Amino acid sequence: MTIAQVIVDVPSLGTDRVFDYSIPKKWEGMIQPGMRVAVPFGPRSIQGFVVRLNEHTDVEKIKNIIQPLDLAPVLNEELLQLGNWMTRETISYKVSVFHAMLPVAMKAKYEKIIRKKDDASLFLDELLEGKQEISWKEAEKRNLLPALYKEIQSGNAEVIYFVKNRARKKLKRVVELTVEKDKLEELLHALPSNAVNQKKLVFHLLQSNNGMSEAADLAKKAEVPASAIKALVKKGILSEHMVEEYRDPYEHKDFKKTSPLPLTNEQQTAMKPILQSIEQQSHETFLLYGVTGSGKTEVYLQAIQEVIKQGKEAIVLVPEIALTPQMVERFKGRFGSDVAVLHSRLSIGEQYDEWRKIQKKEVKVVVGARSAIFAPFEHLGIIIIDEEHESSYKQEEIPRYHARDVAIKRGEYHQCPVILGSATPSLESFARAQKGVYHLLTLSKRMNDRAMPPVSVVDMREELRSGNRSMFSTELFERIKDRLQKKEQTVLFLNRRGHSTFIMCRDCGYVMQCPHCDISMTYHRSSNEMKCHYCGFQTGVPTECPECSSNHIRYFGMGTQKVEEELVKLLPEARIVRMDVDTTTRKGAHERILEHFQSGKADILLGTQMIAKGLDFPNITLVGVLSADTTLHLPDFRAAEKTFQLLTQVSGRAGRHELLGEVVVQTYTPEHYSIQLAAMQDYQRFYNEEMSMRKIGSYPPFYYLALVTVIHEDLLQVVTVTEKISSFLKSNISKEAILLGPVASPIPKINNRYRYQCLIKYKREPNLFSALRKILEHYNPQTSRDGLSITIDINPYNMM
DNA sequence: AGCACGCCGACT
DNA sequence: GTCGGCGTGCTC
């Protein structure tokens with residue numbers, strides 16, 4: 001008997017291990033490790049992943065696998081191994097890790113139905129209105145469950161559990177000629193004279209060249225109803241069958257074929273060691289540090305070309321917001337149909353189909369966001385992470401992995417190079433490059449030798465002092481007007497959407513807070529309501545102060561919405577487009593706005609984060625950063641780094657082509673080194689400066705971090721538990737490690753639940769992970785019963 | 001995570 | 001007496 005060891009689809013501590021199942025004879029040899037199966041688990045049936053086959057088992061009451069859910073493994077040997085490693089490194093459950101590796105369509109849906117038995121009672125017949133079965137949901141809705149319970153207990157009905165496979169393939173109907181073309185002429189005459197449409201169709205087939213075509217398509221082209229095709233199928237002239245079809249998100253797009261560009265000297269120098277690593281099939285991590293516009297992408301493209309030439313495959317990771325059609329175009333343009341694209345804006349079905357192209361080895365390259373790092377290639381030749389410093393490579397849900405770590409792990413397995421590319425590398429990566437752990441490659445010149453645009457920093461305190469209370473400094477405003485006149489384009493950047501950040505009473509200083517969270521509420525103009533961005537609580541806008549009844553309520557802070565209103569008022573002749581989460585939710589909105597701007601139908605593009613990347617339009621000659629401080633004062637040790645990166649990134653949008661560009665940065669803290677050095681485009685000095693700050697604060701890259709957050713509705717309980725965890729950790733880690741806490745989280749209450757945390761800073765702590773696991777085990781009873789929640793984030797990016 | 005089982009208080 | 005509340009422990 002063959003035994004399958006299965007990881008079941010139950011993310012909990014008690015079930016985070018293999019369960020043995022016997023494989024029924026009919027599937028012996030067919031069921032393999034890496035396949036999904038449906039298995040009985042307690043009274044239900046659920047999904048599971050086979051991780052190993054075995055000859056024997058110690059389990060006495062073993063059950064059969066119900067059925068396989070795949071025809072071929074969805075996780076290969078490498079990914080199963082990688083799963084083990086990730087489980088250890090992120091302290092999460094195996095199933096969660098497996099799900100993170102696969103398209104969402106492979107996550108099972110469960111369904112329960114109540115089915116009547118043969119010898120059912122009359123009463124039950126009445127309940128089910130004569131039907132055989134009813135879905136659990138339906139019964140619940142119609143409040144039939146109490147009555148049905150009794151019927152189940154007395155054996156008149158039973159509960160049946162289903163595992164529903166959501167991974168549906170799209171099918172299309174195609175027809176094919178079964179006779180030789182020269183026979184068609186005869187057939188045309190043999191058809192009855194009243195079969196006008198059939199004749200028309202045969203005539204069309206005579207003229208067209210190819211044998212196989214999609215049924216719906218053919219009907220349209222021949223201008224006949226579908227029934228004509230059916231008739232010919234019936235007569236045996238056409239044969240009909242279903243063919244699997246991919247949902248192609250880029251179906252209606254033509255990609256202009258491009259060929260390799262000649263490389264600059266710098267690019268060639270950078271290329272050499274990469275090619276060497278590809279050729280020698282040795283793993284090495286490269287940090288490609290190249291200023292904006294230095295041609296990193298061309299290096300990627302030519303390295304991939306070499307990999308493909310060797311018959312191997314490539315993964316390219318790009319931050320989610322940078323996955324614009326422009327970016328996709330560059331890869332599809334070079335490698336055509338060899339490219340699959342994976343990101344979360346595709347539908348579940350589209351994601352599944354792109355994934356299947358990879359699994360079936362129909363593509364050589366995948367370009368995608370974070371989770372594309374798990375692309376099931378078996379002969380990886382290179383992994384590229386563009387904009388390496390982006391925080392979106394860290395997953396903020398369980399399993400909290402970093403795509404960079406996974407990339408390097410896979411690079412080791414496949415013995416292939418990993419390239420981390422950035423104009424503003426993360427401190428972690430640059431430090432590793434300095435130490436020689438990564439191989440540093442530098443592109444210091446822009447491709448067309450164009451100088452970086454001059455950046456001027458405007459002190460907004462000065463503006464205020466000289467009586468300018470608007471959100472535009474005189475300098476920025478004059479320049480916008482100048483561009484309008486010259487018919488050149490302006491990009492305005494503000495890292496905050498919405499209207500106003502908070503409202504405050506001028507008399508007593510009251511700021512409206514969310515009653516469920518420790519955070520001020522945001523004013524939304526469109527709905528004219530106050531909203532909490534953390535729990536979604538909404539309430540009306542007060543007309544008088546709840547504290548002192550004054551009516552001097554004023555709006556503070558600005559979002560993109562407010563800036564837009566202001567611009568319309570000040571520059572009524574300007575054509576403005578706004579781009580932020582609120583204007584890009586609908587599918588394709590992103591592309592439409594950019595297209596609109598690119599074609600010159602707007603003068604000013606106003607937006608958040610998402611316009612900082614990839615924009616490359618020749619007519620942009622002015623970039624304005626309305627408030628450089630927004631990211632700077634967050635309670636996050638990476639705040640300065642993020643600010644520097646963002647400013648550098650945004651500045652790079654101006655003057656990329658013939659026209660010269662300039663950048664205006666508005667700030668209340670012009671003396672801060674991240675703003676100063678970003679204005680001077682001096683990464684190296686910023687790196688040195690920031691490194692000394694990190695050293696003083698004992699932060700990465702000098703230390704690793706682990707963050708434990710305790711959440712519960714009872715404050716006392718939260719504090720007690722966090723204290724206990726803290727002292728337990730203290731006795732389990734070495735003297736070299738630093739333990740901070742317990743302290744309240746930066747947002748101490750969300751959704752009426754208090755949050756406390758402790759932070760561990762460490763260098764080498766072999767016992768830390770097992771200590772953290774012990775904490776989870778110890779509090780497991782309380783977590784499941786008492787609503788206590790403990791989260792562990794290894795190397796957190798979001799400290800909230 | 002779900003689900004059954006089992007033990008207690010509140011009604012028919 | 002029975003119904004149904006939720007604490008406890010198990011799932012190959």
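Worth saying up front: this structure is predicted, and the values here are computed from it rather than measured. A note on names: the letters A, B, ... follow the listed sequences, proteins ahead of strands, and every chain is numbered from 1.
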Anything under 30° is parallel, anything over 60° is perpendicular, the rest tilted; go ahead and classify A/Phe769 against A/Tyr762.
->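 Ring orientation of A/Phe769 relative to A/Tyr762: perpendicular.
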A/Phe19 vs A/Phe41 aromatic rings, parallel, tilted or perpendicular, using cut-offs 30° and 60°?
-> perpendicular
Side-chain donor/acceptor of A/Asp9 to backbone N/O of A/Ala108, under 3.5 Å =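 Pair absent, no side-chain N/O of A/Asp9 close to backbone of A/Ala108.
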Under 3.5 Å: donor-acceptor pair, side chain of A/Ser135, backbone of A/Glu138 = yes
Length of the CG-P vector between A/Leu13 and C/dT8, whole Å = 18 Å
d(CG, A/Asp786; C1', C/dT8) in whole Å |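 Checked: the CG to C1' distance equals 14 Å.
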Are any protein N/O atoms closer than 3.5 Å to N/O atoms in nucleotides 9-12 of chain C? If there are, list each pair with its distance.
from: C/dT11; atom 1: OP1; to: A/Lys61; atom 2: NZ; distance (Å): 2.9
from: C/dT11; atom 1: O3'; to: A/Gly42; atom 2: N; distance (Å): 3.0
from: C/dC12; atom 1: OP1; to: A/Tyr21; atom 2: OH; distance (Å): 3.3
from: C/dC12; atom 1: OP1; to: A/Pro40; atom 2: O; distance (Å): 3.1
from: C/dC12; atom 1: OP2; to: A/Lys63; atom 2: NZ; distance (Å): 2.4
from: C/dC12; atom 1: O3'; to: A/Asp20; atom 2: O; distance (Å): 2.7
from: C/dC12; atom 1: O3'; to: A/Lys63; atom 2: N; distance (Å): 2.7
from: C/dC12; atom 1: O2; to: A/Asp20; atom 2: N; distance (Å): 2.7
from: C/dC12; atom 1: N4; to: A/Arg17; atom 2: NH1; distance (Å): 3.4
from: C/dC12; atom 1: N4; to: A/Arg17; atom 2: NH2; distance (Å): 3.3

Who passes side chain to side chain donor-acceptor pair (under 3.5 Å) against A/Ser726, sequence neighbours left out?
-> none
Quick one: are A/Val406 and A/Met86 in side-chain contact, heavy atoms under 4.5 Å?
->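 The answer is yes; the side chains approach within 4.5 Å.
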Give the first and the last nucleotide of DNA chain B, reading 5' to 3', that has any atom under 4.0 Å from a heavy atom of chain A.
-> B/dA1 to B/dC3
Would you classify A/Tyr93 as touching base, sugar-phosphate or nothing, given that sugar-phosphate means primed atoms plus P, OP1 and OP2, and contacts are heavy atoms under 4.0 Å?
->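 It contacts nothing in the nucleic acid.
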Please test A/Tyr704 against A/Tyr699 for ring-ring contact (aromatic ring centres under 6.0 Å, His included), starting from the C-alpha separation and ending with a verdict.
-> CA-CA 7 Å; A/Tyr704 294 111; A/Tyr699 276 113; over 10 Å; no
Answer yes or no on whether A/Arg44 is positioned over the face of A/Tyr110, meaning its NZ or CZ is under 6.0 Å from the six-membered ring centre and within 45° of the axis.
->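 Judged by the rule, A/Arg44 and A/Tyr110 form no cation-pi pair.
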